[in-house]
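Just so we're on the same page: letters track the sequence lines, and every chain starts at 1.
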There are 2 protein chains.
Amino acid sequence: MDQVDRILAQWHQERPDLDVTPMGMFGRFGRLRSVLMSGLDDIFRAHGLSAASFDVLATLRRSGPPYALSPSDLIAWTMVTSGTMTNRLDKLEQAGLVSREKNPEDGRGFVIALTQKGRDLIDAAVTDHVANQHRLAEGLTGDEQAQLDGLLRKWLAAVEGQAK
Amino acid sequence: MDQVDRILAQWHQERPDLDVTPMGMFGRFGRLRSVLMSGLDDIFRAHGLSAASFDVLATLRRSGPPYALSPSDLIAWTMVTSGTMTNRLDKLEQAGLVSREKNPEDGRGFVIALTQKGRDLIDAAVTDHVANQHRLAEGLTGDEQAQLDGLLRKWLAAVEGQAK
DNA sequence: AAAATTTATCTTGACGTCAAGATTTATCGA
DNA sequence: TCGATAAATCTTGACGTCAAGATAAATTTT
């Protein structure tokens, strides 16, 4: 009986007309998300990054040489709005982790590239981040992790389809 | 092969030294969270609420008569900081959905209570919200939902334990 | 070519959140 | 009873996010 169970018990008492069965799953999903995010943040902060800046640097890094993408590409990968990306890039450029130069082939656009400093930082941060994910996942066995991943994959495909 | 799989493939290519197995689960978890939140928001917005205000009103409602709690109680249930709660209560009070009166038994504290308007609103909103959760969960069978809930429960218990 | 449309990016304004610190009131120990 | 400590709440300042709208350049139409 965890906190989410107590919430469900209250609803059962106060609104017995409602079938709140799925609410437990949603509730635990939300709480877990918040605990996991804070666990991941520890490592980001240790490298002077936030989840937001890590996200951008990691996207550039894993895109491979020359570690450069347009803001539009970054927006597509990270699924944030253009305003959010502008903000993130302002911060990263100011920190000297990325460069932002006019795209010679398209006057409307820019090219965002990892600086050497950005490259070094994200390589170290990713190494720690992956180790951290392994640590956080330890609460489940390998089989359970695979099972969970399968369920998340199926659910994600279902709701993404119906969303659009 | 979804978007998360593509990210993993990039890491495999660029950083073959890393075992990114858990990253898929974390990635899908995050994307799913964002899709689900936006699906839930639709209903909140239809009632003129945000996830934040719904959260507070629902906590008061399910606490049962007299539908009143202290800010501290609300903070404990919703797991937000005191500053956040003050903000939420300001908005809700201004909208006439809750009242905020000095606690006669403790000069330091207040009592937050649902107004009749707040009570009516949250009862209608919760009904729709629960139906919406059922709809969003349809992508999984009943068995799968139970399985997922079990895994989330186990994982949550594990990471909550290690967090503190 | 000139006009209309589309694309790429940035700006602005409003939210919601948190951390840290301030204020006020209770409570406890000497 | 008085000073110290604890508790409850609010204030302030900094983030990160989004929606909507503004610019500017490329592309498509006419």
| message | Test side chain to side chain contact (heavy atoms under 4.5 Å, CB included) on A/E101 and A/F110; report intermediate values, then the result. | response | CA-CA 5 Å; A/E101 287 174 10; A/F110 291 78; over 6 Å; no

| query | Starting at CZ of A/F110 and ending at P of C/dT11, how long is that distance when rounded to a whole Å? | reply | 9 Å

| task | Indicate yes or no: at least one non-hydrogen side-chain atom of B/I43 is less than 4.5 angstrom from one of B/F54. | result | no

| query | Within this structure, what is the NZ-to-P distance between B/K102 and D/dC10, rounded to whole angstrom? | reply | 9 Å

| remark: Between CD of A/E105 and P of D/dA25 the distance, given in whole Å, is 17 Å

| said: If the cut-off is 4.0 Å, is B/S50 near the phosphate of C/dG16, judged by side-chain N/O to OP1 or OP2? | reply: yes

| said: Would you say that A/R61 contacts A/V126 through its side chain, given a criterion of any heavy-atom pair below 4.5 Å between the two side chains? | reply: no

| said: Mind checking if A/N103 touches a base, just sugar-phosphate, or nothing, with heavy atoms under 4.0 Å? | reply: nothing

| Which one, D/dC18, D/dA8, D/dT9, comes nearest to the side chain of A/T81? | D/dC18

| message | Is any side-chain heavy atom of A/V20 closer than 4.5 Å to one of A/R15? | response | no

| Which nucleotide sits closest to the side chain of A/S70: C/dA8, D/dT9, C/dT9? | C/dT9

| request: Quick one: label B/S72 by what it contacts on the DNA or RNA (base, sugar-phosphate, nothing), any heavy atom closer than 4.0 Å. | output: sugar-phosphate

| said: Distance criterion of 3.5 Å, no angle test: do you see the side chain of B/T84 paired donor-to-acceptor with the base of C/dC18? | reply: no

| Given B/W155 and B/M25, is the side chain to side chain contact (heavy atoms under 4.5 Å, CB included) satisfied, shown in steps? | CA-CA 12 Å; B/W155 198 7; B/M25 182 173 64; 3.7 Å; yes

| Using a cut-off of 4.0 Å on non-hydrogen atoms, how would the nucleic acid contact of A/K91 be classed: base, sugar-phosphate, or nothing? | sugar-phosphate

| query | How close or far is atom C1' of C/dT9 from atom CG of A/N87, stated in whole angstroms? | reply | 13 Å

| said: From the set C/dT17, D/dC18, D/dT11, return the single nucleotide nearest to any side-chain atom of B/T86. | reply: D/dT11

| Rounded to whole angstrom units, what separation is found between the CE atom of B/M85 and the C1' atom of C/dT17? | 12 Å

| query | Touch check for A/G83, heavy atoms < 4.0 angstrom, all strands: base, sugar-phosphate only, or nothing? | reply | base

| Ignoring hydrogens and angles, does a donor from either the side chain of A/R108 or the base of C/dT7 sit under 3.5 Å from an acceptor on the other? | yes

| C/dC10 OP1/OP2 closer than 4.0 Å to side-chain N/O of A/R100 | yes

| Rounded interatomic separation in angstrom, taking CD1 from A/I75 and P from D/dA19 | 13 Å

| remark: Rounded to whole Å, CG of A/D90 lies from C1' of D/dT17 at a distance of 14 Å

| remark: Closest of C/dT17, D/dA26, C/dA26 to the A/D106 side chain is D/dA26

| note | In whole angstroms, the gap separating C1' of C/dT17 from CG of B/L74 amounts to 17 Å

